[in-house]
Visitor: 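Before we start, here is the structure in question, set down as structure tokens.
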Protein chains: 2
Amino acid sequence: MAGDAEATRRRLLDAAAKEFAEYGIAGARVDRIAAAAQSNKAQIYHYFTNKDGLFDAVMRELAGHTVREAPIDAADLPEYAGRLYDRFAADPVMARLANWYRLEGSGYAAVDLVVASTRDKLAAVTKAQEEGLIPDRFTPVEVLALVVHLSSLWFAVTPEMGLLTEDIPHERRREVVVAAVRALLRD
Amino acid sequence: MAGDAEATRRRLLDAAAKEFAEYGIAGARVDRIAAAAQSNKAQIYHYFTNKDGLFDAVMRELAGHTVREAPIDAADLPEYAGRLYDRFAADPVMARLANWYRLEGSGYAAVDLVVASTRDKLAAVTKAQEEGLIPDRFTPVEVLALVVHLSSLWFAVTPEMGLLTEDIPHERRREVVVAAVRALLRD
DNA sequence: AGGAGCTAACCAACCAGTCAGTTAGAAGGT
DNA sequence: ACCTTCTAACTGACTGGTTGGTTAGCTCCT
């Protein structure tokens, strides 16, 4: 167990992702992360400088993962939304983290990888619209915002609404997201 | 200044709403709230028992406001989504608070007023669907979830996407929300 | 020997919550 | 009018526990 720096870093990152997902940045406890990773608090500061640095590392990795696993297909945005939904569903930690990032992360520099990827997506949507694959009721940015937002439908419900939706099975949830995007983009 | 209990309570609630909206529950500082309300920390504990009690009071009031100001009209859900959007847009504090509540509030008992209001909304949608005013592609819960979720479209964008959407004017944002809901509910 | 990886113990700052006491005004007696 | 009593509203100073961050030193491998 001792002596493997890379493995320790991994355990710390994983534990941090869970902790941040559960409690947010302000609510997360460095001691808990160290304990959950079966490591030590000082190691966190050695590898990640400070709490913010740790959060940053978690977000950066997560963004990379998502960008890689859910490539956009502007010709089939409903399916793209479905893939984003899959990604959220496969990793509930990630869905919450994204939300925390939105609320607490405004001070942080926007993750450059995400900025670049967003630019690419926008270009893809613009091109598809010019080719007539997407109706022009909405501008490209609007389309992108709608698609991304809809893909997080089931991960952004209030506790009260959650009581009513908890019985909806996986496949149906995905269907709803895909169908909703399809409906938006019909002529 | 001294001796007006009701006024003091108000100032504390208003200051708390702002503080919680900015920093969340874990990040909010009781001292800052007391100072901003030009009151005293002990008063907070006198009126609201503890930090959680204060957050609860803030949420309860907010929910009441929203339920009252944005009554559902199941026969015209696009316009209902528009009203919800208006409410968010008119009070940015409230938009953020709702988000914090989703993430941090799971431990809290669901606000009963909201539970009741959600039940009513669901009944209204169900009835409208039976009357053929709403297509049956989605179940009533799904429709409600979609409409509510779409109304928060512009208040749930990532910082990265925010850079691209910040120039979209108010009226257009509202239009997008309304048009999106309309598209969802077309036959 | 020496360095990379690791740990227990420690510290200063911070923060939710408490408490003993003060102020301001109302009520009531004379 | 004046004094006394009572009370709701308020306050500044304090506390006990927590938290992010540090440090001195240990272990193990080459």
Side-chain angles (χ1 to χ4, degrees), chain A residues 1-60 97 100-101 103-109, chain B residues 1-60 97 100-101 103-109:
Chain A
M1 154 145 109
D4 192 341
E6 199 46 50
T8 305
R9 232 186 92 100
R10 254 265 66 73
R11 289 203 314 281
L12 286 172
L13 267 178
D14 290 345
K18 265 189 204 156
E19 177 79 9
F20 283 127
E22 180 92 34
Y23 303 101
I25 304 178
R29 295 294 163 245
V30 178
D31 296 87
R32 265 200 304 248
I33 294 173
Q38 290 181 280
S39 178
N40 189 281
K41 204 157 52 141
Q43 295 295 76
I44 291 177
Y45 291 91
H46 175 239
Y47 287 119
F48 305 102
T49 317
N50 56 25
K51 200 185 183 183
D52 282 354
L54 180 55
F55 182 77
D56 225 58
V58 168
M59 282 306 299
R60 204 171 299 271
L97 266 173
W100 285 114
Y101 176 61
L103 283 169
E104 294 192 281
S106 43
Y108 296 78
Chain B
M1 151 143 106
D4 191 343
E6 200 46 50
T8 305
R9 236 188 89 99
R10 254 265 67 74
R11 291 204 313 280
L12 285 172
L13 268 177
D14 290 344
K18 263 189 204 157
E19 177 80 9
F20 282 128
E22 179 93 31
Y23 302 102
I25 304 177
R29 295 292 163 246
V30 178
D31 296 87
R32 265 201 302 247
I33 295 173
Q38 290 183 279
S39 178
N40 189 283
K41 203 160 45 146
Q43 294 293 75
I44 291 178
Y45 291 90
H46 175 242
Y47 286 119
F48 305 101
T49 317
N50 55 26
K51 199 186 183 183
D52 282 353
L54 181 55
F55 182 77
D56 226 58
V58 168
M59 282 306 298
R60 203 171 300 272
L97 267 173
W100 286 114
Y101 176 62
L103 284 171
E104 296 192 282
S106 42
Y108 296 78

Visitor: Atom CG of Asp52(B) to atom C1' of dG17(C): distance rounded to whole Å?
Guide: 13 Å

Visitor: Report yes if some heavy atom in the side chain of Phe55(A) is under 4.5 Å from a heavy atom in the side chain of Tyr101(A); otherwise report no.
Guide: yes

Visitor: Apply salt bridge (charged side-chain N to carboxylate O under 4.0 Å, His left out) to Asp14(B) and Lys18(B), showing your working.
Guide: CA-CA 6 Å; Asp14(B) 290 344; Lys18(B) 263 189 204 157; over 6 Å; no

Visitor: To the nearest 0.5 angstrom, please state how far the CG atom of Leu12(B) sits from the CD atom of Gln38(B).
Guide: 11.0 Å

Visitor: As an exercise, state the distance from CZ of Phe20(A) to NZ of Lys51(A), rounded to the nearest 0.5 Å.
Guide: 6.0 Å

Visitor: Picking from dA9(D), dT18(C), dA8(C), which would you name as closest to the side chain of Asn40(A)?
Guide: dA8(C)

Visitor: So which protein N/O to nucleotides 21-23 of chain C N/O distances come out below 3.5 Å?
Guide:
none

Visitor: If you compare all heavy atoms of Lys41(A) against all heavy atoms of Val30(A), which two are closest, and at what distance to 0.1 Å?
Guide: CG-CG1, 3.4 Å

Visitor: Check the distance between dG25(C)'s P and Asp4(B)'s CG and give it to me in whole angstrom.
Guide: 12 Å

Visitor: Rounded off to whole Å, could you give me the CG-to-C1' distance for the Leu12(A) and dG5(C) pair?
Guide: 12 Å

Visitor: Among Val58(B), Thr8(B), Ile33(B), exactly one meets side-chain contact (heavy atoms from CB on, under 4.5 Å) together with Leu13(B). Which residue is that?
Guide: Val58(B)

Visitor: With distance as the sole test, does Trp100(A) use its side chain to make a donor-acceptor pair with the main-chain N or O of Tyr23(A) at under 3.5 Å?
Guide: no

Visitor: Among the nucleotides dG17(C), dA16(C), dT11(D), which one has an atom lying closest to any side-chain atom of Asn50(B)?
Guide: dG17(C)

Visitor: If I take atom NE2 in residue His46(A) and atom P in nucleotide dG3(C), what distance separates them, rounded to the nearest angstrom?
Guide: 14 Å

Visitor: Pick the closest DNA chain D nucleotide for Val30(A) and for Lys41(B) by heavy atoms, then say which residue is nearer the 5' end.
Guide: Lys41(B)

Visitor: dC10(D), dT7(C), dA16(C): which one has an atom nearest the side-chain heavy atoms of Ser39(A)?
Guide: dT7(C)

Visitor: dT7(C), dT11(D), dA9(D): which one has an atom nearest the side-chain heavy atoms of Ala42(A)?
Guide: dT7(C)

Visitor: Nearest whole Å is fine: how far is dC6(C) C1' from Arg11(A) CZ?
Guide: 11 Å

Visitor: Select base, sugar-phosphate, or nothing to describe what Tyr47(A) touches, counting heavy atoms under 4.0 Å on all strands.
Guide: sugar-phosphate

Visitor: Which part of the nucleic acid, if any, lies within contact of Ala28(A), taking any heavy atom under 4.0 Å across all strands shown: a base, the sugar-phosphate backbone alone, or nothing?
Guide: sugar-phosphate

Visitor: To the nearest Å, how far apart are Lys51(A) NZ and dT22(D) P?
Guide: 14 Å

Visitor: Does any N or O in the side chain of Glu19(B) come within less than 3.5 Å of the main-chain N or O of Arg29(B), such that one atom is a donor and the other an acceptor?
Guide: yes

Visitor: Rounded to whole angstrom units, what separation is found between the CD atom of Glu19(B) and the C1' atom of dC15(C)?
Guide: 13 Å

Visitor: To the nearest Å, give me how far apart CG (Asp31(B)) and C1' (dC14(C)) are.
Guide: 9 Å

Visitor: Using the side-chain heavy atoms of Arg29(A), tell me which of these nucleotides is nearest: dT11(D), dT19(D), dT22(D).
Guide: dT19(D)

Visitor: When you measure from the side-chain N and O atoms of Thr8(B) to the phosphate of dA9(D), is any distance below 4.0 Å, counting only OP1 and OP2?
Guide: no

Visitor: Tell me which nucleotide among dA16(C), dT22(D), dA9(D) gets nearest to the side chain of Tyr45(A).
Guide: dT22(D)

